[in-house]
Amino acid sequence: MTVSVPRFDAINFDHVTADMRAAYERDGILVLENMVTGEACQQLMDRMAAMVDAFDVNEHKTFFSSADQSHAKDDYFMSSGSEVRFFFEEDAFNEKGDLIKPKELSLNKAGHAMHDRDPVFDSFSRQKNFQTLANGLGLTDPLLLQSMYIFKQPNIGGEVFCHQDATYLWTEPQTCIGFWVALEDATLENGCLQGIPGLHTEPLPRSLFRRTDGNASETIVFDDSPWPEEKRVPLEVKRGSVLAFSGQFPHLSAPNRSDKSRHAYTIHLIDREAEYPDFNWLQRKEGDPAKGFKPAESSLDT
């Protein structure tokens, strides 16, 4: 792997520089190191630990897999746009349907509206730096569409196949941007993100995952050519780093077979001025539209 992407020290971040914007426009991804403090990362991890502790495993045993889309047929998943739902790793259960490990070591992710449903996640997600970053990368009026807490569990953390986020969060024109926050060090050993710089400039995402009737879904493939593996770049980063990437930036992660977790938090944003079609799988419930960075727009449950 000879391709690399530049990294920027964002410990005192207050605006997107010309060099940052040029890197993002060229590569489709911007690597910002030291943007989030270790204390803020730990606060998010502690809050999620408390949420997991309160989660009843018997509420639902949906697992999440990028290879097997069976979860997409599940109402628990398809109706999660305005809720906080928990999804298990594919290998978390034995043949009897019982968890092999404690629930806190068995979850794949939590999603998809922590930023609107929990005060700790709300405050973190709507910090000024993220609004400045969103505006600096081209979103005129950014909306926080969804949030995900990724556990990438030791030993059983599942592989995420190469994909583009715009496949799942389609806007017209394409405006989806992801902010991926490393809550722990992300390495090749524990399944860091990997990406293919420059391919975000293709006219459209290579596929579209869309809702059909009710909770049914389908994937429409526009281009099934293989991804250029020779251009794949490992994105190893330290805790507190933020990866900002275009919705058309191809990325993946290998399974985590190490004994170290790789917790991360992701926010996906779109521009309020873009159309968000009804065929998108992620839909907010009636009366609860996606909201921006203004505190007055929050919809916290109390």
Side-chain angles (χ1 to χ4, degrees), residues 3-37 40 112 115 121-148 150 163-183 186 193-205 233 235 237-238 240-252 264-276 280 282 290-294 297:
V3 181
S4 63
V5 296
R7 293 162 181 256
F8 298 88
D9 189 345
I11 192 168
N12 295 312
F13 176 84
D14 61 2
H15 71 287
V16 174
T17 67
D19 286 344
M20 291 176 183
R21 183 63 184 259
Y24 178 78
E25 292 180 350
R26 181 188 64 246
D27 300 326
I29 185 169
L30 180 61
V31 181
L32 298 169
E33 299 178 323
N34 304 307
M35 189 174 189
V36 177
T37 66
H112 290 93
H115 62 287
F121 280 89
D122 170 72
S123 177
F124 184 91
S125 303
R126 290 186 164 87
Q127 60 183 277
K128 182 180 178 181
N129 278 353
F130 286 170
Q131 182 174 12
T132 300
L133 180 58
N135 291 145
L137 295 182
L139 295 185
T140 302
D141 191 357
L143 297 175
L144 286 73
L145 181 61
Q146 75 161 10
S147 52
M148 296 187 295
I150 310 297
H163 67 285
Q164 298 163 293
D165 290 342
T167 289
Y168 305 95
L169 303 173
W170 188 282
T171 68
E172 298 171 2
Q174 301 293 332
T175 62
C176 175
I177 293 179
F179 293 170
W180 188 96
V181 184
L183 301 179
L193 286 189
Q194 302 181 50
I196 305 176
L199 244 59
H200 66 293
T201 58
E202 294 181 349
L204 289 173
V233 175
L235 298 164
V237 291
K238 294 290 187 180
S241 298
V242 175
L243 306 181
F245 46 84
S246 162
Q248 290 179 238
F249 175 71
H251 58 284
L252 67 147
Y265 179 61
T266 302
I267 312 165
H268 285 101
L269 308 99
I270 61 173
D271 202 304
R272 192 190 302 266
E273 296 183 355
E275 180 185 356
Y276 185 75
N280 276 301
L282 187 141
K291 302 162 186 69
F293 282 92
K294 297 178 182 178
E297 289 189 323

What are the two closest heavy atoms between [X] and [Y], and how far apart are they?
X: Tyr168; Y: Gln164; result: CD1-O, 3.7 Å
X: Pro250; Y: His200; result: CD-N, 4.4 Å
X: Val5; Y: Pro197; result: CG1-CG, 3.6 Å
X: Ala182; Y: Val237; result: CB-CG2, 3.9 Å
X: Ser125; Y: Phe293; result: O-CE2, 3.5 Å
X: Trp180; Y: Thr266; result: CD1-OG1, 3.1 Å

Which of parallel (below 30°), tilted (30 to 60°) and perpendicular (above 60°) describes Phe249 and His251? parallel
Give me the ring orientation class for Phe179 and Phe130: parallel if the planes are under 30° apart, tilted from 30 to 60°, perpendicular past 60°. tilted
Any side-chain heavy-atom pair of [X] and [Y] under 4.5 Å:
X: Tyr265; Y: Val36; value: no
X: Tyr276; Y: Leu143; value: no
X: Asp27; Y: Val233; value: no
X: Thr171; Y: Asp271; value: no
X: Thr175; Y: Glu273; value: no
X: Ser241; Y: Val31; value: no
X: Leu133; Y: Leu32; value: yes
X: Met35; Y: Val181; value: no

Side chain [X], main chain [Y], donor-acceptor under 3.5 Å:
X: Gln248; Y: Glu202; result: yes
X: Asp9; Y: Ile11; result: yes
X: Arg126; Y: Gly292; result: yes
X: Glu25; Y: Ala22; result: no

Can you tell me how far [atom2] of [Y] sits from [atom1] of [X], rounded to the nearest 0.5 angstrom?
X: Trp170; Y: Leu204; atom1: CH2; atom2: CG; value: 4.5 Å
X: Asp165; Y: Leu269; atom1: CG; atom2: CG; value: 11.0 Å
X: Asn129; Y: Phe124; atom1: CG; atom2: CZ; value: 10.0 Å
X: Lys294; Y: Gln131; atom1: NZ; atom2: CD; value: 8.5 Å
X: Leu145; Y: Asn280; atom1: CG; atom2: CG; value: 7.5 Å
X: Leu139; Y: Ile177; atom1: CG; atom2: CD1; value: 4.0 Å

Hey, mind stepping through Phe245 and Leu137 against side-chain contact (heavy atoms from CB on, under 4.5 Å) and telling me if it holds? CA-CA 9 Å; Phe245 46 84; Leu137 295 182; over 6 Å; no
In sequence, state the C-alpha distance, the side-chain angles, and the governing distance for His268 and Met148, and then conclude on side-chain contact (heavy atoms from CB on, under 4.5 Å). CA-CA 9 Å; His268 285 101; Met148 296 187 295; 3.7 Å; yes
With side-chain contact (heavy atoms from CB on, under 4.5 Å) as the test, would you mind laying out the steps for Asp14 and Thr132 before giving the verdict? CA-CA 7 Å; Asp14 61 2; Thr132 300; over 6 Å; no
Compute the centroid of each ring, for Phe13 and then for Phe8, and state whether the two points are separated by less than 6.0 Å. no
Flag for His115-Ser147: side-chain donor and acceptor within less than 3.5 Å: yes
